[in-house]
Amino acid sequence: MKKLVSAWFRIPFWQRVLGAFVLGAVAGWLVGEPAGPWFQPLGTLYVNLIKMIATPLVFFAVINAVAALHGQKSMAVLGGKTFLWFAVTAALAVGVGLGVAALLRPGEGVGQLVATETYKPRDVPGPIQVLLDVVPTNPFAALANGKILQVIFFAGLLGFALVKLGAKTARLRELVREASDAMIQVTRFVLELTPLGTFGLIAALVGTYGFERLLPLGKLVLALYVACALHIVFVYGGLLMTHGLNPLRFFRGAAPGMQVAFVSSSSFASMPVALRAVTNNLGVDKDYAAFAVPLGASIKMDGCGAIYPAIASLFVAQYFSLELSASQYFIILLASVLGSFGTAGVPGTAVVMATVVLSSAGLPLEGLGYLLAIDRVLDMMRTMTNVTGQMLVPVLVAREEGLLDAAVYNGAAPAIALEEDAVKAD
């Protein structure tokens with residue numbers, strides 16, 4: 001048994017995940033619809049474990065990061081540049097989505113679709129309410145409910161308070177650092193279950209949906225996947241090259257976060273993996289990454305908040321034979337970029353964002369009901385794009401601010417070497 005376990009851990013992490021993905025797809029195809037109740041519990045268990053560690057990991061990491069970054073780099077400069085790159089890459093993502101949808105025209109030739117019966121337009125909070133919601137009325141409730149933006153806000157205040165009090169809080173700062181290290185170790189334990197979770201999630205997905213449900217909206221699925229792939233490869237790759245960084249090194253180092261994002265369809269669930277990939281594989285300063293990656297997981301949504309609303313808007317316009325004006329295209333661009341920040345923390349971000357954009361552009365909201373039947377398949381690629389962008393921006397800012405370890409980046413591993421990390425951390 002010991003030899004078997006040892007042999008398992010000798011297999012590179014990414015190969016274990018990829019193998020589980022393939023086996024899950026085959027199992028789901030062979031078993032059919034029963035694969036859902038049979039295998040979904042494995043995926044649910046894995047996602048629950050990831051969510052379990054995410055909030056305390058962010059809480060202690062942000063407190064530790066704010067205290068450590070004080071005097072090293074201005075938080076205002078780092079935060080400003082991070083937000084700027086969030087907006088720039090979101091705008092580029094909207095452009096890619098519009099271009100691909102205009103070229104492939106996914107809304108034409110799909111026949112008469114029937115809207116999902118359960119579809120109801122989402123209520124979107126106003127910008128003032130969104131800003132107010134960042135401040136928790138009860139920080140313990142924010143921790144309990146996983147309100148990441150509220151957790152970041154409260155943890156940031158605590159971090160500044162520890163810095164302000166100086167030597168008085170030296171022991172408390174050390175305790176926070178040790179708690180952060182402990183959560184990192186718990187994260188290692190949970191990440192070892194990634195192949196098992198991947199198998200369960202993919203087997204349940206393939207068995208439940210099959211391939212026949214994709215056929216009527218195949219062009220839409222193709223358009224989204226093509227747009228996301230182009231954005232990841234050419235936009236992200238191009239930005240890395242302009243910063244003097246090898247894109248292939250980035251994608252190798254970011255692969256673990258991208259894999260978990262694809263199979264889990266959750267930026268929140270992928271955040272611990274993405275954080276470790278950014279620091280351990282890509283060489284971003286750990287204190288800055290502890291601030292930027294959780295923030296990105298909350299508001300950086302190139303797939304859900306930019307590419308998908310752009311494609312959905314053109315799909316609806318094409319399906320209903322509506323011609324969009326230049327002003328409507330501009331509204332789609334502006335609403336997608338600004339709305340992705342405004343819907344931070346709202347459940348069902350992609351649907352909410354599409355609702356915001358369609359409403360802003362004056363397009364019929366009923367068109368969204370047609371897309372919900374395949375939303376789970378779309379969400380896999382959308383989320384992978386989100387998480388890739390959430391890892392990209394910290395790399396760009398770290399490069400600009402001298403917080404990137406070039407030796408680590410240029411030696412980027414194809415996966416998180418969990419066992420080796422434990423040795424390096426000691």
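Position 1 is the first residue of the sequence; numbering continues from there. Side chains included, hydrogens not; waters and symmetry mates left out as well; all remaining heavy atoms used.
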Fill in: V387 vs V260 side-chain heavy atoms within contact, under 4.5 Å
no
So CG of L103 and CZ of R105: to nearest 0.5 Å the spacing works out to 10.0 Å
Worksheet item: Does a side-chain heavy-atom distance below 4.5 Å link F250 with L245?
Response: no
inquiry  = Check whether Q318 reaches the backbone of A101 with its side chain - one donor and one acceptor, N or O, closer than 3.5 Å.
reply    = yes
Between V176 and I63 the two heavy atoms that sit nearest each other are CG1-CG2, 3.7 Å
In terms of heavy-atom contacts, A223 and I311 come closest through O-CD1, 3.7 Å
Atom CE of M52 with >12 non-hydrogen neighbours under 6.0 angstrom: yes
With Y236 as partner, the option from L92, L396, D302 fulfilling side-chain contact (heavy atoms from CB on, under 4.5 Å) is D302
Do Y225 and M380 pass the side-chain contact (heavy atoms from CB on, under 4.5 Å) test, and can you show the C-alpha distance, the side-chain angles, and the key distance before you say yes or no?
-> CA-CA 9 Å; Y225 273 64; M380 298 167 73; 4.1 Å; yes
Checklist entry - Once the angle between the rings of F39 and F199 is folded into 0 to 90°, is it parallel (under 30°), tilted (30 to 60°) or perpendicular (over 60°)? => result perpendicular
Counting C-beta onward and ignoring hydrogens, is there a side-chain heavy-atom pair between I232 and M384 closer than 4.5 Å?
yes
- Is the CD atom of E178 crowded by more than 12 outside heavy atoms at less than 6.0 Å? yes
Heavy-atom nearest pair, M183 first then P56, reads CE-CG, 3.7 Å
Heavy-atom closest pair (V357 atom, P309 atom, distance to 0.1 Å) is CG2-CB, 3.6 Å
So CZ of F153 and CG of L158: to nearest 0.5 Å the spacing works out to 10.5 Å
Heavy-atom nearest pair, P294 first then A289, reads CD-O, 3.5 Å
Side-chain contact test, heavy atoms from C-beta onward, threshold under 4.5 Å: evaluate it for L282 versus P394 and give yes or no. no
Taking side chain as C-beta onward, heavy atoms only, is K300 less than 4.5 Å from L295? no
Output for pair (L196 CG, L45 CG), nearest 0.5 Å, gives 7.5 Å
The reported gap from CG in L324 to OG in S313 (rounded to nearest 0.5 angstrom) is 7.5 Å
Can you list the steps and then say if V100 with I307 is a side-chain contact (heavy atoms from CB on, under 4.5 Å)?
CA-CA 10 Å; V100 171; I307 293 176; over 6 Å; no
Checklist entry - Which word best sums up how the rings of F315 and Y319 line up, parallel for under 30°, tilted for 30 to 60°, or perpendicular for over 60°? => result parallel
Is there a side-chain contact (heavy atoms from CB on, under 4.5 Å) between L143 and V151 once you walk through the steps? CA-CA 6 Å; L143 286 164; V151 170; 3.9 Å; yes
All heavy atoms of Y308 vs all of L378, minimum pair found to be CE1-CD1, 3.8 Å
T82 side chain to L78 backbone, donor-acceptor under 3.5 Å: yes
Query - Non-hydrogen side-chain atoms of T383 and M301 separated by less than 4.5 Å - result: no
Do L363 and F320 come within less than 4.5 Å of each other through their side chains, counting heavy atoms only? no
So CG of L220 and CG of L314: to nearest 0.5 Å the spacing works out to 11.0 Å
Evaluate K286 against N280 for side-chain contact (heavy atoms from CB on, under 4.5 Å), listing each step before the verdict. CA-CA 9 Å; K286 291 185 178 181; N280 292 18; 4.1 Å; yes
Rounding to 0.5 Å, atoms OG1 (T385) and CD (Q390) come to a distance of 10.5 Å
Result for side-chain contact (heavy atoms from CB on, under 4.5 Å) between L403 and one of V397, D285, V284 points to D285
Checklist entry - Quick one: does L240's side chain get under 4.5 Å of N246's, heavy atoms only? => result no
